[in-house]
Amino acid sequence: MPEVLRIETGTFAIVEDGLWWPGIYDSAKAALRATGFREGALSQLQQRKNAETAGRPGVITAEDLDALAVAAPGG
């Protein structure tokens with residue numbers, strides 16, 4: 001079962017069986033919600049967020065996940 005962890009930057013990540021899921025999340029709620037999406041979709045979203053922040057790790061928000069759900073129903 002996936003576990004949401006607060007990381008040193010104050011953001012959140014998901015770990016399952018010792019493996020880190022794609023994504024850095026602004027809240028525990030967003031990270032928990034992200035567990036309903038496929039790894040590929042989260043990886044693409046994280047890449048897009050990283051590109052938006054010009055070299056710094058981007059942070060995925062609940063709003064980003066809402067938009068992803070609309071774009072690809074069912075994750």
Side-chain angles (χ1 to χ4, degrees):
M1 175 141 207
E3 180 181 1
V4 174
L5 301 176
R6 185 176 194 126
I7 55 178
E8 60 196 39
T9 59
T11 54
F12 295 83
I14 305 165
V15 177
E16 183 175 21
D17 296 327
L19 300 174
W20 293 82
W21 285 38
I24 300 170
Y25 304 90
D26 69 337
S27 68
K29 184 176 179 180
L32 187 59
R33 179 150 184 245
T35 63
F37 290 90
R38 295 183 181 176
E39 180 181 348
L42 295 174
S43 181
Q44 288 178 348
L45 178 56
Q46 184 65 56
Q47 288 175 8
R48 183 173 60 82
K49 296 300 286 187
N50 290 348
E52 291 173 1
T53 58
R56 295 185 327 250
V59 178
I60 297 171
T61 65
E63 291 80 16
D64 296 322
L65 296 171
D66 289 343
L68 185 60
V70 170

Results of side chain to side chain contact (heavy atoms under 4.5 Å, CB included) for Thr53 - residues two or more places apart only
Arg56
Let me have the donor-acceptor pairs involving side chains of residues 58-70, under 3.5 Å, with sequence neighbours excluded, atom names and distances please.
from: Thr61; atom 1: OG1; to: Glu63; atom 2: N; distance (Å): 3.3
from: Thr61; atom 1: OG1; to: Glu63; atom 2: OE1; distance (Å): 3.2
from: Thr61; atom 1: OG1; to: Asp64; atom 2: N; distance (Å): 3.2
from: Thr61; atom 1: OG1; to: Asp64; atom 2: OD2; distance (Å): 3.1
from: Asp64; atom 1: OD2; to: Lys49; atom 2: NZ; distance (Å): 3.2
from: Asp64; atom 1: OD2; to: Thr61; atom 2: N; distance (Å): 2.8
from: Asp66; atom 1: OD1; to: Arg33; atom 2: NH1; distance (Å): 2.4
from: Asp66; atom 1: OD1; to: Arg33; atom 2: NH2; distance (Å): 3.3

Answer yes if Ile14 and Phe12 sit in the same cluster of Ile, Leu, Val, Met, Phe, Trp and Tyr residues linked by side chain heavy atoms under 4.5 Å apart, and no otherwise.
yes
Heavy-atom pair with the smallest gap, counting every atom of Glu16 and Pro2:
OE2-CD, 3.7 Å
Considering non-hydrogen atoms only, spot the tightest contact between Ala34 and Trp21 and give its length.
O-CZ3, 4.0 Å
With Tyr25, which of Leu42, Val4, Leu32 fulfils side-chain contact (heavy atoms from CB on, under 4.5 Å)?
Leu42
Starting at CG of Asp17, measure out to CE of Met1 and round the result to the nearest 0.5 Å.
11.5 Å
Under the 3.5 angstrom rule, does the side chain of Glu39 hit a backbone N or O of Pro22 as a donor-acceptor pair?
no
